[in-house]
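Reminder, nothing fancy here: chain letters follow the sequence lines and each chain counts from 1.
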Number of protein chains: 2
Amino acid sequence: MSIETEHHDRPLRADAERNRTKILDAAAKVFAEQGLDATLDEVAAAAGVGVATVYRRFPDKDALIGALFDNAVDEIANLASVAPSRGNSWDALVWFLEEALQRQCANRGLREVVVGSTYALDRIEAVKCRIAPAIDLLVERAQSDGYLRTDVVGADFPIMEMMISFLGNMTATVAPDLWRRYLTIILDGLMVSRGAPSALYVVPVDTMLGEALRSAHRHARRSL
Amino acid sequence: MSIETEHHDRPLRADAERNRTKILDAAAKVFAEQGLDATLDEVAAAAGVGVATVYRRFPDKDALIGALFDNAVDEIANLASVAPSRGNSWDALVWFLEEALQRQCANRGLREVVVGSTYALDRIEAVKCRIAPAIDLLVERAQSDGYLRTDVVGADFPIMEMMISFLGNMTATVAPDLWRRYLTIILDGLMVSRGAPSALYVVPVDTMLGEALRSAHRHARRSL
DNA sequence: CGATATATGGAGGAAGTCATTCCACTTACG
DNA sequence: CGTAAGTGGAATGACTTCCTCCATATATCG
C-alpha cells in the first residue's frame, strides 16, 4: 500500500523519479538535522527542486515524514528483536541500547516522531506494541542472569533512551558521540554491582563540554 | 537597578501593586507549566487582567521573564556554593543535584532559560561563570575523598542535569517525581564502586511509565 | 523531429500565531 | 469630586508556514 495518493500503473518519468529520490534524501538530511519543524521549502531547497515538486510527489508534510520514518522506526523496533542473539543477556541489552541510541541521537526527526509527533500516530502506536515485549524479554533475561539490577522494568528503557537522545540531538553538531559518555555512566548504574567504573567515552578537549552547551544555546530556537 | 522602564519615586497605586503581584504569580505558574513559548495573553488571562496591564508593568516579554527567572537561576547558582556544608563531599554533591533538579524539573521555563533562551543572555552567562567553579569544587572534593569516579569532570554535571530535567519537564504532570528514579541510577553509575544498587524512587503503578510517554505525546506540540 | 502528456519552479494566497499598541472607559485617592 | 493613574481587550502589524496556481520546460514516443 503506497503512501502516495496518485499511484499510477505507469511508472514515473525518469527525471521525476530522480527528483523523488533527491527529495527523500534531502528530507532525511534536513529533518535529521533540524527536526520535524523544518519547512518543506527548506527540504525543497536542499533537494534543489521547487516546493511544488515536493507536493506533487507527497500529498502533504505528514506523508513525506511518514514515508521517511516508517523504515527508521521499524528498524529500531527490530533491533530489540534481534538483540538476544548478540552475546550474553547483558551484552544483548547494551547492544540494543547503543544501536537504538546511535540512530536516535543522529536524527532529531526520529526522536521527535517517536516521542511527540502527531505524524502517523497509529503506525507509531503499532510499533510500540511490538517493541515493548521485546524489550521486556531483554530486561528479564539480563535480570535473571544476574547482570541487571532487578528494580528496573522494561518501560524504564524507552524513557532513558529518550533522555539520552535528547542530549544526543542537542550536542549532535559539536560532539556527535558525547551521549556515549552518559550512556556508560547509566549502564554502570544499571549493573547489579561492580568494582571499578567502566571506561568513559573520552571527549578530546575538556572545554568541548562547555562548547556543547553554548551550541545548544545557539540552536535553541529549534530544539528546546 | 530596576528592570521596569518607568520607575517613579512615587509608589504604585494600591490596585496596580496588587495586579503586579498577580501578574508575577501567574507568569511564574504559566511559564513553569508551559515553557517560555507561552503567550503573554495567556499570562494575562491567568492573572485575571488584560494584556495591556502586563505591558504597563513590564516593557516586554523579555523583561518579565528576566524579572521572574533572575532569582530562580541565581538560587540554583547559590545551591552549588552552599552545598559543601551539607555532610560529606558525596552527600554534598548529591544534595546539590537533587535540589537543583527539583527546581528545574518542576519548572520548564527555568530549564529553557538556562539551556536555550535568548532571554537575558548576559545575565545567564554571568551566573554560569559563578556556578562552574563551585561545581568543580564539589566534584573535586568528592573525587579526592574516593566517592566519585575520577573520569568525570565538573562540566559533565550541567549536562546530566539538562538531560534529567528534560525528562522531568516531560513527565511533570503525570509523575512529578519520576526523574528521581533515573537520578538514582545515574548516581549509582557515578560512584567509584558499589555493592547492591541504591533504592529507586518507586513508581506507584508499573503502567504509569507508559502513561508518562503517552502524556508526552499529548503535550508534544509545546515541548519537543 | 515534433507532438503531447508529464513535470517543474517559485511567486503568492490563505490561515495562522504572537508581541505590542491604542484608546475609550474605570478607579483610587487627595 | 476632580484628576492622574490604571485598565481591558480589540486591533495592528510583522512574522511564519502550508500549500496551490499556472506559465514554462522537458522527457518520451511515434
Has [X] got a side-chain N or O lying under 4.0 Å from the OP1 or OP2 atom of [N]?
X	N	result
Arg56(B)	dA5(D)	no
Thr53(A)	dG9(C)	yes
Asn19(B)	dG6(D)	no

Nucleotide nearest [X] (side chain, heavy atoms from C-beta), chosen from [options]:
X	options	answer
Arg13(B)	dT27(C), dT26(D), dT20(C)	dT27(C)
Val49(A)	dG9(C), dC18(D), dT26(D)	dG9(C)
Ala14(A)	dT28(D), dC19(D), dT20(C)	dT28(D)
Asp15(A)	dC18(D), dA27(D), dT20(C)	dA27(D)
Thr39(A)	dT17(D), dT8(C), dC19(D)	dT17(D)
Ala16(B)	dT7(D), dA28(C), dT20(C)	dT7(D)
Arg57(A)	dA19(C), dT8(C), dG9(D)	dT8(C)

Which whole-number value in Å describes the distance from [X] [atom1] to [N] [atom2]?
X	N	atom1	atom2	answer
Leu12(B)	dT7(D)	CG	C1'	14 Å
Leu40(A)	dG10(C)	CG	P	16 Å
Tyr55(B)	dG9(D)	OH	P	16 Å
Phe31(B)	dC18(C)	CZ	C1'	12 Å
Glu17(B)	dG6(D)	CD	C1'	13 Å
Glu42(A)	dC19(D)	CD	C1'	16 Å
Asp60(B)	dC18(C)	CG	P	17 Å
Ile23(B)	dG6(D)	CD1	P	12 Å

I'd like to know if the side chain of Glu112(A) reaches the main chain of Leu36(A), judged simply by a donor and an acceptor atom lying under 3.5 Å from each other, with no hydrogens or angles considered.
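Indeed, once roles are kept as given, a pair shorter than 3.5 Å links the two residues.
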Looking only at heavy atoms, which two atoms of Ala46(B) and Val30(B) are closest? And how far apart?
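In terms of heavy atoms, the two residues are closest at CB-CG2, 3.7 Å.
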For Asp177(B) and Arg180(B): C-alpha separation, side-chain torsions, deciding distance, then whether salt bridge (Lys or Arg N to Asp or Glu O under 4.0 Å) applies.
CA-CA 6 Å; Asp177(B) 277 336; Arg180(B) 293 182 186 278; 3.3 Å; yes
Trace of the side chain to side chain contact (heavy atoms under 4.5 Å, CB included) decision for Leu110(A) with Phe69(A)
CA-CA 7 Å; Leu110(A) 187 52; Phe69(A) 289 107; 3.9 Å; yes
Taking for each residue the nucleotide of DNA chain C bearing the nearest heavy atom, is the 5' side occupied by Asp41(B) or by Arg18(B)?
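Its nucleotide being nearer the 5' end, the pick is Asp41(B).
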Over all strands shown, is Ala52(B) touching base, sugar-phosphate only, or nothing at heavy-atom distances under 4.0 angstrom?
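Result for Ala52(B) = base.
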What verdict does the side chain to side chain contact (heavy atoms under 4.5 Å, CB included) test give for Val43(B) and Phe31(B), after you've listed the backbone C-alpha separation in whole Å, the side-chain angles of each residue and the deciding distance to 0.1 Å?
CA-CA 8 Å; Val43(B) 172; Phe31(B) 287 134; 4.1 Å; yes
